[in-house]
Amino acid sequence: MLRFILMRLVKAAIILVAILVLNFFLIHAAPGDPAAVMAGEAGAADEIFIEQLRERFGLDKPLLTQLGLYLGGVLQFDLGFSYRQQMPVADLIFQRLPATLLLTLSAFVMSLLLGTLLGVIASARVGKWSDTVISVLALLFYATPLYWAALMAVLVFSVELNWLPGFGYETVGANYTGFARALDIGQHLILPATTLGLFFMAVYMRMTRASMLEVSRLDFVKTARAKGLPNSVIQRRHIFRNAMLPVVTLAGLQAGQLVGGAVLTETVFAWPGIGRLMFEALAQRDYNLLLGIFFISAAMVLLFNLITDILYRVVDPRIRVS
């Protein structure tokens with residue numbers, strides 16, 4: 001297992017470098033000059049001032065030189081400097097990362113648990129009214145655009161009913177501490193986490209239902225029924241464990257994507273996370289900040305892929321690493 005993990009880490013490092021190089025060229029190929037954007041915001045968009053800005057932030061150097069400097073900085077755990085925010089990129093990202101982790105992991109846990117539970121119920125009662133209701137709701141959540149669901153959640157539960165705060169990470173100016181602050185953040189978390197989790201809950205529900213129905217038709221399940229084992233034991237020990245492998249695979253892939261930031265959710269709910277920071281960096285042509293966010297996102301995806309491979313052994317002990 002240790003050798004397998006080390007080999008995967010080496011492969012992940014190679015993939016990460018390739019992603020960094022590809023992202024670097026793609027971002028610099030995009031239209032727009034960050035120096036011109038900054039000069040325009042400063043109200044002095046003449047050529048001399050723009051050239052001074054380009055020289056100040058190293059944008060006047062050849063592209064390959066910029067790439068070499070950037071990769072050298074990454075190897076030293078230096079993600080560069082945000083010329084728009086006037087802060088190191090690493091500081092900006094790690095300021096926003098806790099909010100993104102709180103939002104996305106809450107949505108991930110909620111969607112995985114509820115989606116799996118509803119999928120199990122639907123597969124156990126296939127063809128009945130409960131199965132139909134769950135399947136229709138899953139299809140509805142899956143087909144509903146995320147931004148529309150977020151806006152409707154704000155209008156209904158925040159504007160009309162005034163049950164929950166609609167925007168922000170916590171109440172501005174309240175200066176809560178301790179448990180009161182945690183409760184305030186939790187109230188602000190409910191709407192964005194639920195909105196983000198509904199789509200993935202539908203995915204897990206459909207995957208769990210389909211996988212359990214497929215496993216229930218296999219020979220070893222028929223043998224267990226022929227032996228007279230209780231249906232609850234068959235569902236739990238024979239069907240559920242064998243049906244979880246596709247769900248674990250999907251959950252591992254989506255967990256990495258979620259940590260990369262939920263751009264739409266964070267933008268609609270004014271949640272101060274990485275997704276919203278990425279949107280702001282894109283609008284401001286902040287190349288270093290964009291590259292830093294892409295680097296962290298890619299690293300998290302690779303990490304969760306490795307964790308998923310390790311979890312395969314827990315879910316199905318028959319799997320061996322090689």
Side-chain angles (χ1 to χ4, degrees), residues 1 4-27 30 70-71 73-75 77-80 89-90 92-113 115-116 146 192-193 196-197 199-204 207 244-267 271 273-282 286-315 319 321:
M1 176 63 76
F4 169 76
I5 293 175
L6 290 176
M7 290 296 296
R8 287 298 302 271
L9 288 176
V10 171
K11 292 179 181 178
I14 296 173
I15 293 172
L16 198 56
V17 171
I19 291 173
L20 282 175
V21 174
L22 180 61
N23 283 337
F24 182 88
F25 285 115
L26 286 177
I27 288 177
Y70 179 74
L71 292 179
V74 171
L75 291 176
F77 302 101
D78 179 11
L79 299 181
V89 169
L92 275 170
I93 292 176
F94 288 112
Q95 281 179 5
R96 301 287 191 100
L97 188 59
T100 288
L101 289 176
L102 178 62
L103 170 62
T104 56
L105 293 182
S106 298
F108 174 73
V109 172
M110 181 201 76
S111 62
L112 182 59
L113 293 179
T116 303
L146 183 60
L196 182 61
F199 172 81
F200 293 101
M201 183 186 71
V203 174
Y204 295 134
M207 176 67 74
M244 281 299 99
L245 202 57
V247 179
V248 169
T249 303
L250 183 63
L253 294 173
Q254 291 184 339
Q257 295 171 1
L258 281 172
V259 174
V263 179
L264 286 175
T265 306
E266 291 182 1
T267 302
W271 190 264
I274 286 181
R276 189 179 175 200
L277 181 65
M278 180 171 61
F279 179 77
E280 294 169 354
L282 180 62
D286 198 337
Y287 289 163
N288 287 340
L289 183 53
L290 274 175
L291 286 171
I293 294 173
F294 291 159
F295 170 74
I296 296 297
S297 301
M300 296 304 294
V301 170
L302 293 172
L303 175 62
F304 275 97
N305 284 344
L306 176 60
I307 293 173
T308 301
D309 289 341
I310 297 173
L311 285 177
Y312 282 164
R313 289 289 303 277
V314 178
V315 176
I319 294 178
V321 297

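These numbers come from the heavy atoms of this one structure, side chains and all, not from hydrogens, waters or symmetry mates.
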- Query: Do the non-hydrogen side-chain atoms of Leu92 and Ile293 ever get within less than 4.5 Å of each other?
  - Reply: no
- Message: Tell me the closest heavy-atom pair linking Ile274 and Thr100, and the distance in Å.
- Response: N-OG1, 2.5 Å
- Item | Smallest separation among heavy atoms of Ala298 and Leu16, with atom names | CB-CD1, 3.7 Å
- Query: Given side chains that start at C-beta, do those of Leu102 and Pro98 come closer than 4.5 Å, heavy atoms only?
  - Reply: no
- Message: Taking side chain to side chain contact (heavy atoms under 4.5 Å, CB included) as the definition, give me every residue that meets it alongside Leu291, ordered by chain and number, with sequence neighbours left out.
- Response: Asn23, Phe24, Ile27, Tyr70
- Please assess Leu112 against Phe200 for the test side chain to side chain contact (heavy atoms under 4.5 Å, CB included), listing each intermediate value before the final yes or no. CA-CA 8 Å; Leu112 182 59; Phe200 293 101; over 6 Å; no
- Query: Of all residues at least two apart in sequence or in a different chain, which pass the side chain to side chain contact (heavy atoms under 4.5 Å, CB included) check with Leu71?
  - Reply: Leu20, Val21, Leu67
- Message: To check you understand the geometry: which heavy-atom pair defines the closest contact between Met201 and Ser111, and what is its length?
- Response: N-CB, 3.4 Å
- Query: What heavy-atom pair brings Ala107 and Ala193 nearest, and what distance separates the two atoms?
  - Reply: CB-O, 3.5 Å
- Taking only residues two or more places apart in sequence, or in another chain, which ones meet Phe294 in a ring-ring contact (aromatic ring centres under 6.0 Å, His included)? none
- Could you grab the distance from atom OG1 of Thr265 to atom CG of Leu196, nearest 0.5 Å is fine? 4.5 Å
- Note on the structure: Between the CG atom in Leu303 and the CG atom in Leu9, the distance rounded to the nearest 0.5 Å is 9.0 Å
- Between Pro192 and Trp271, what is the shortest heavy-atom contact and its length? CG-CE3, 4.2 Å
- Query: What pairs with Ala12 under side chain to side chain contact (heavy atoms under 4.5 Å, CB included), at least two apart in sequence or on another chain?
  - Reply: Leu302
- If every non-hydrogen atom of Glu266 is compared with every non-hydrogen atom of Leu103, which pair is closest and at what distance? CG-CD2, 3.8 Å
- Query: Do the side chains of Tyr204 and Leu113 get nearer than 4.5 Å, heavy atoms only?
  - Reply: no
